[in-house]
**Student:** 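Okay, here's the structure, questions in a sec.
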Amino acid sequence: MAQYWLFKSEPDVFSIHDLQQAKGKRTSWEGIRNYQARNFLRDTAQVGDGVLFYHSNADPLAIVGTATIVKPGYPDHFAWEPDHKYFDPASTPDNPVWFMVDIRLTNIFSQPVTRESLQSEADCSQMLLLKKGSRLSIQPVTETEWRAVHRIAGIPPL
DNA sequence: GCCAACGTTGGC
DNA sequence: GCCAACGTTGGC
């Protein structure tokens, strides 16, 4: 059964428009350096899972579209490159610490689903995203929340 | 730019 | 194994 996720990204670093312009509208999701998020990517995320693409540290703060997981968890090889910003000497090819997935753009919402609109949506009241101090950049989302976001966006859920 | 909430680090 | 110090995230 498909699961649903929310991925945070700072649009100044990588926006949904960057994803749209990427080859095959597809990208690897490297640089996750939090163990809880790592575990989701390594152990739980499956090909075909839905991803809500959220712009953090942005104006507006919003879910701006959706993507699909097209490659399940595999070692984040950027951690092995000494000159890379995601280098981590604790991770080696023999014993990788960090993992990533690949995603492909599904669609860009014509109307972004703002954080403000999520805050006034009863079905989204439990979203981790809306909890104060929540910094987890890979979050599980319930089917109810997935549907509610699509309802606000005015498009049918996949 | 501020700062609360976290996660990590490292001395003990 | 505790916990203070520190660095980061990210909304406001």
Side-chain angles (χ1 to χ4, degrees), chain A residues 3-22 27-45 49-67 69 72-103 105-142 144-154:
Chain A
Q3 303 186 98
Y4 305 99
W5 304 97
L6 180 141
F7 284 18
K8 288 183 196 171
S9 191
E10 300 193 21
D12 289 349
V13 179
F14 190 83
S15 73
I16 200 163
H17 303 286
D18 294 325
L19 178 56
Q20 185 179 39
Q21 282 156 29
T27 188
S28 53
W29 204 259
E30 66 270 17
I32 300 301
R33 296 292 181 268
N34 168 280
Y35 287 103
Q36 198 179 351
R38 183 281 308 270
N39 292 347
F40 285 137
L41 295 180
R42 185 189 60 186
D43 306 330
T44 316
D49 286 358
V51 174
L52 299 172
F53 198 108
Y54 178 76
H55 278 174
S56 63
N57 264 325
D59 188 17
L61 294 167
I63 296 168
V64 289
T66 58
I69 291 180
Y74 62 105
D76 183 342
H77 54 79
F78 295 99
W80 308 334
E81 299 177 17
D83 294 330
H84 201 276
K85 64 173 173 172
Y86 293 137
F87 177 63
D88 181 354
S91 185
T92 64
D94 282 345
N95 201 359
V97 175
W98 305 117
F99 285 73
M100 56 186 179
V101 297
D102 290 358
I103 65 171
L105 182 69
T106 304
N107 60 44
I108 296 181
F109 293 157
S110 54
Q111 193 86 340
V113 177
T114 63
R115 183 179 183 86
E116 202 177 12
S117 66
L118 292 170
Q119 282 162 341
S120 54
E121 166 58 50
D123 280 347
C124 294
S125 62
Q126 297 302 309
M127 283 185 84
L128 213 53
L129 179 73
L130 302 180
K131 301 228 188 293
K132 188 176 180 181
S134 167
R135 306 189 317 191
L136 194 59
S137 60
I138 304 287
Q139 304 180 359
V141 166
T142 67
T144 300
E145 290 159 354
W146 174 264
R147 288 180 176 279
V149 167
H150 283 78
R151 191 187 327 123
I152 297 168

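By convention in this document, chain letters (A, B, ...) are assigned in the order of the sequence lines, proteins followed by strands, and residues within each chain are numbered from 1. Both backbone and side-chain heavy atoms feed into the values below; hydrogens, waters and symmetry mates do not.
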**Student:** Find out whether A/Lys8 and A/Gln139 are in side-chain contact, i.e. whether some heavy atom of one side chain is under 4.5 Å from a heavy atom of the other.
**Tutor:** yes
**Student:** Rounded at 0.5 Å granularity, tell me how far SG in A/Cys124 sits from CG in A/Leu118.
**Tutor:** 5.0 Å
**Student:** Could you report the tightest heavy-atom contact between A/Ala90 and A/Val97, atom names first, then the distance?
**Tutor:** O-CG2, 3.3 Å
**Student:** Would you give a per-nucleotide map of nucleotides 7-12 of chain C, 5' to 3', where B means the base has a protein non-hydrogen atom under 4.0 Å away, S means only the sugar-phosphate does, and - means neither?
**Tutor:** BBBBBS
**Student:** Is the closest side-chain heavy-atom distance between A/Leu61 and A/Tyr54 below 4.5 Å?
**Tutor:** yes
**Student:** Is any side-chain heavy atom of A/Trp5 less than 4.5 Å from a side-chain heavy atom of A/Ile138?
**Tutor:** yes
